[in-house]
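Below, read A as the first sequence line, B as the second, and so on, with proteins coming before strands; counting in each chain starts at 1.
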4 protein chains.
Amino acid sequence: MSDSISKQDLIIESAAKVFAKKGYHNAKMGEIAAEAGIGKGTIYEYFSSKLQLFQEMMDQSLNKYFNKVVIDSLEKIPMEKRIQMLLQGHFQFCVENRELTRIIFWDTEIIDEELKDWAYNLRKEKESVMQDLIQSAISEGELRDIDANLVTQIITGVLGAMWAPIVLENKEFNIQKLSQEVTDLIMNGIKAK
Amino acid sequence: MSDSISKQDLIIESAAKVFAKKGYHNAKMGEIAAEAGIGKGTIYEYFSSKLQLFQEMMDQSLNKYFNKVVIDSLEKIPMEKRIQMLLQGHFQFCVENRELTRIIFWDTEIIDEELKDWAYNLRKEKESVMQDLIQSAISEGELRDIDANLVTQIITGVLGAMWAPIVLENKEFNIQKLSQEVTDLIMNGIKAK
Amino acid sequence: MSDSISKQDLIIESAAKVFAKKGYHNAKMGEIAAEAGIGKGTIYEYFSSKLQLFQEMMDQSLNKYFNKVVIDSLEKIPMEKRIQMLLQGHFQFCVENRELTRIIFWDTEIIDEELKDWAYNLRKEKESVMQDLIQSAISEGELRDIDANLVTQIITGVLGAMWAPIVLENKEFNIQKLSQEVTDLIMNGIKAK
Amino acid sequence: MSDSISKQDLIIESAAKVFAKKGYHNAKMGEIAAEAGIGKGTIYEYFSSKLQLFQEMMDQSLNKYFNKVVIDSLEKIPMEKRIQMLLQGHFQFCVENRELTRIIFWDTEIIDEELKDWAYNLRKEKESVMQDLIQSAISEGELRDIDANLVTQIITGVLGAMWAPIVLENKEFNIQKLSQEVTDLIMNGIKAK
DNA sequence: TATGAATGAGACTTCATTCAT
DNA sequence: TATGAATGAAGTCTCATTCAT
């Protein structure tokens, strides 16, 4: 197992760990190297700079998240079930990848003027998959006729809000039950009937 | 006007501007001083360090936000109307305080190991006002009988998601209409009836 | 005296000393700072980089040399006398400014691709003054009718060759006598009559 | 041809090329290896360090130059003719070995405290052949009775000055004519008769 | 013998903070 | 109180050299 992982991946993995714990600016290259159990200079054999390492790591992390969370909900099943799967996937991911979750949802610091746009667009690009999903559900009459973009934002917002207690507070909770509850709220609203 | 503002506030204001634009680590004390039109050393007459200045600024910014946004919705009026006011206040604030908005919702970078908890708790504390509000609405039967904490998270999540397009993309939009739409979605859900 | 010198000049002076002794690449900023009796960071208050410091120092050194050596020989006196003054000035400068001499005539290492041209042209520009001098002497019949450029090169070559023994070998010699001898050789050649 | 050259020589040749273009400090071992078409580690099979490689290369280059330029002029022919041959050889060498020329006459950077003396003495040693030549010409009455050392310096100086335009500026010129002109100036001086 | 992935010492440079004025 | 010149700790990145293959 440990020799089936490429050095490139090993570095990205260690970088994710350290970036998640310390944030971009407080993470030191030496610390990432130590975490990977390699020499400082070795990182530069695979990545040209700290910034590039961060970008590569972020790109990979977002991919991992979206592959796990969004793609799973692409099957042709009722929307309500899909959203529940989405939330369930999200919670599962949060629990299993605490470091990555922190990076994806928290570490949005301004590292670099250009990186700001890169990060924002990277996220929007990934979200467009979700938006398409919503749009088709609206077209097929499963969802109310509302701005798909708005709904996407709301769902993303909810996801974005529901990782902190899990990851930061280490709360015990029932994934199944929580995702059902939240799905219900998103689908039917909070108003008493 | 400009001489009615204390030097302390002047510095905080300048700090907010620079922190919002550059992020904590890329903001330089010299730049904040220049923005305030004072000498670099003068900042240290009012704040003991960059970190303390950031904390003071953050605290004040969050207060400003919650006072504006939450407090306005505390009157004893129907919950639906309140949420709409909350959203309207939020959007209004976003438009009028683009810099502060960025700081409050974006610049959550990990500045310092201890600051992480401080920032998280500061936010939770402010949110508790909202949670009380929700709880009482549930008690009075206006809202469905669900975990008030969950609802708070969802609403905060939605707010947290709905600033970026406004502030970062400079989108034109109708505040009144948008807040009504989002309120409707939160209250009644997204499912077609 | 020591407080009449600006910090800028103090740094250049120290830089000249260290660059002369160690060469560009072996000179360390910390060493230059130590030589100047200031902190490492202070250098960067006056010069943006090591390279810029080197260029500034070099520019100033060449100016000092040419002002001392060439300008003195501009008076309207016989060419033979002028060349002798030139040589005398050169030797005088070598003796009095051993460090600068080394920099000007030796430390022509390739520091930077662009700097190479900069250095070469800087030198050529200064030499053009000498070339004009030669040209007018030819026009007025004092010198044989030969390519002024060639003569300039020869004289510069001789100057360039006649610093090393003085500076590197610390040889004792009679400036007056040596400059007369060399002038004689340049004017009348080496061939027996 | 290419397999008649030893790997040692191949490396020295490549080193000369790279050192000439970049200077000692900017030349990278990897680049020299690439130029030679071999692995980085292989260089260390033949040379113990970058410094030793440079010294070996320099020694060989100077030998090549002096063999070509000085030795050719050792035959027992009139001094004037000899000097002309010397100059002609020099110019020929410059044109044919632009890289080596640069190294020999330009790249005199201070690589290492000890190397400084080594380089200076290496040059002086080679020059002693020329000095002996001059001395005998003086003894035989062909040249004026002047310090042979001085004349050597002057001739070396002229040679040292007359490579840059050829190598750096890529000037077109007539080797035959130029060497005759310069010989004339050295022999008869620049003064109008 | 040949290789090139890995290494880590060391250099430049930044910038929060100090302190003499 | 206000200032900004001076500082030096600390971090990124380079590259000669090593050594397992």
Side-chain angles (χ1 to χ4, degrees), chain A residues 6-8 10-11 22 24-34 36-54, chain B residues 7-8 11 22 24-34 36-54, chain C residues 6-8 10-11 22 24-34 36-54, chain D residues 7-8 11 22 24-34 36-54:
Chain A
S6 78
K7 194 148 289 190
Q8 179 128 199
L10 170 66
I11 293 171
K22 305 284 188 89
Y24 180 81
H25 283 103
N26 287 107
K28 288 159 206 103
M29 291 303 265
E31 205 175 348
I32 293 172
I38 58 173
K40 224 184 331 169
T42 308
I43 297 178
Y44 289 88
E45 297 286 324
Y46 297 89
F47 303 92
S48 63
S49 69
K50 187 183 181 183
L51 191 56
Q52 201 230 325
L53 172 58
F54 180 80
Chain B
K7 193 154 286 191
Q8 179 129 200
I11 293 171
K22 305 287 187 82
Y24 181 80
H25 283 102
N26 289 107
K28 294 166 196 71
M29 291 301 266
E31 204 175 349
I32 293 170
I38 59 170
K40 224 184 331 171
T42 310
I43 297 179
Y44 289 86
E45 298 290 328
Y46 298 90
F47 302 93
S48 63
S49 71
K50 188 184 182 183
L51 190 57
Q52 199 231 324
L53 171 58
F54 180 81
Chain C
S6 77
K7 193 148 290 187
Q8 178 127 203
L10 170 66
I11 293 170
K22 305 285 188 89
Y24 181 80
H25 283 104
N26 288 107
K28 288 160 206 100
M29 291 303 264
E31 203 174 351
I32 293 171
I38 58 172
K40 225 185 326 171
T42 307
I43 298 178
Y44 290 88
E45 297 286 323
Y46 297 90
F47 303 92
S48 61
S49 69
K50 187 182 180 182
L51 191 57
Q52 200 229 327
L53 171 59
F54 180 81
Chain D
K7 195 153 284 191
Q8 179 128 202
I11 293 171
K22 306 285 187 84
Y24 180 80
H25 283 102
N26 289 108
K28 292 167 197 73
M29 291 302 266
E31 204 175 348
I32 292 170
I38 59 170
K40 223 182 334 166
T42 309
I43 297 179
Y44 288 87
E45 299 289 329
Y46 297 89
F47 302 92
S48 63
S49 70
K50 187 183 181 183
L51 189 56
Q52 199 230 325
L53 171 58
F54 180 81

So, do C/K50 and C/I43 sit near enough that their side-chain heavy atoms are less than 4.5 Å apart? no
Taking the side chain as everything from C-beta on, heavy atoms only, tell me whether A/K7 gets closer than 4.5 Å to A/E45. no
If you take all heavy atoms of C/Q52 and C/S48, which pair is closest and at what distance? OE1-N, 2.7 Å
Counting only side-chain heavy atoms from C-beta out, which of E/dA6, E/dT7, F/dT12 sits nearest to A/I38? E/dT7
May I ask you to evaluate whether C/Y44 reaches the phosphate of F/dG8, defined as a side-chain N or O under 4.0 Å from OP1 or OP2? no
Strictly below 4.0 Å: does A/K50 bring a side-chain N or O up to OP1 or OP2 of F/dC13? no
Please classify the nucleic acid contact of A/A36 as base, sugar-phosphate, or nothing, using heavy-atom distances under 4.0 Å. nothing
Without decimals, in angstroms, what is the distance between C/I43 CD1 and E/dC15 P? 18 Å
Identify whether any heavy atom of B/K40 sits under 4.0 Å from a base atom; if not, whether one sits that close to sugar-phosphate; answer base, sugar-phosphate or nothing. base
Please determine, for E/dA16, whether a Watson-Crick or G-U wobble partner exists with both distances under 3.5 Å, and give it or none. F/dT7
Quick one: C/L53 CG to E/dA11 C1', roughly how many Å, whole number? 15 Å
What's the CG-P distance between C/N26 and E/dC12, to the nearest Å? 10 Å
Give D/A34 one of three labels, base, sugar-phosphate or nothing, depending on what nucleic acid heavy atoms sit under 4.0 Å from its own. nothing
C/N26 and C/K22 have their tightest heavy-atom pair at CB-O, 3.2 Å
Mind calculating the distance between NE2 (B/H25) and P (F/dT12) to the nearest angstrom? 11 Å
Would you indicate what D/F47 reaches in the nucleic acid, counting non-hydrogen atoms under 4.0 angstrom: base, sugar-phosphate, or nothing? nothing
Nucleotide nearest B/T42 when distance is taken to its side chain, options F/dA6, F/dA2, F/dC13: F/dA2
Check the distance between F/dT14's P and D/K22's NZ and give it to me in whole angstrom. 14 Å
Rounded to whole Å, the NZ-P distance (A/K28 to F/dC13) equals 15 Å
Measure across C/F47 and C/I11 and return the closest heavy-atom pair with its distance rounded to 0.1 Å. CE1-CG2, 3.6 Å
For DNA chain E, whose closest nucleotide is more 5', that of A/E45 or that of C/S49? A/E45
For A/A33, which contact category applies under a 4.0 Å heavy-atom criterion: base, sugar-phosphate, or nothing? nothing
D/Q52 CD to F/dT17 C1', in whole Å, measures 14 Å
Does a side-chain heavy-atom distance below 4.5 Å link C/Y46 with C/L53? no
Between C/M29 and D/G41, which is nearer to the 5' end of DNA chain E once each is assigned its nearest nucleotide? D/G41
Please compare D/A27 and A/G30 by the position of their nearest nucleotide in DNA chain F and report the one closer to 5'. A/G30
D/Y46 atom OH is separated from F/dT17 atom P, nearest whole Å, by 18 Å
Result for 5'-nearest mapping on DNA chain F, choosing between C/G37 and A/S48, is C/G37
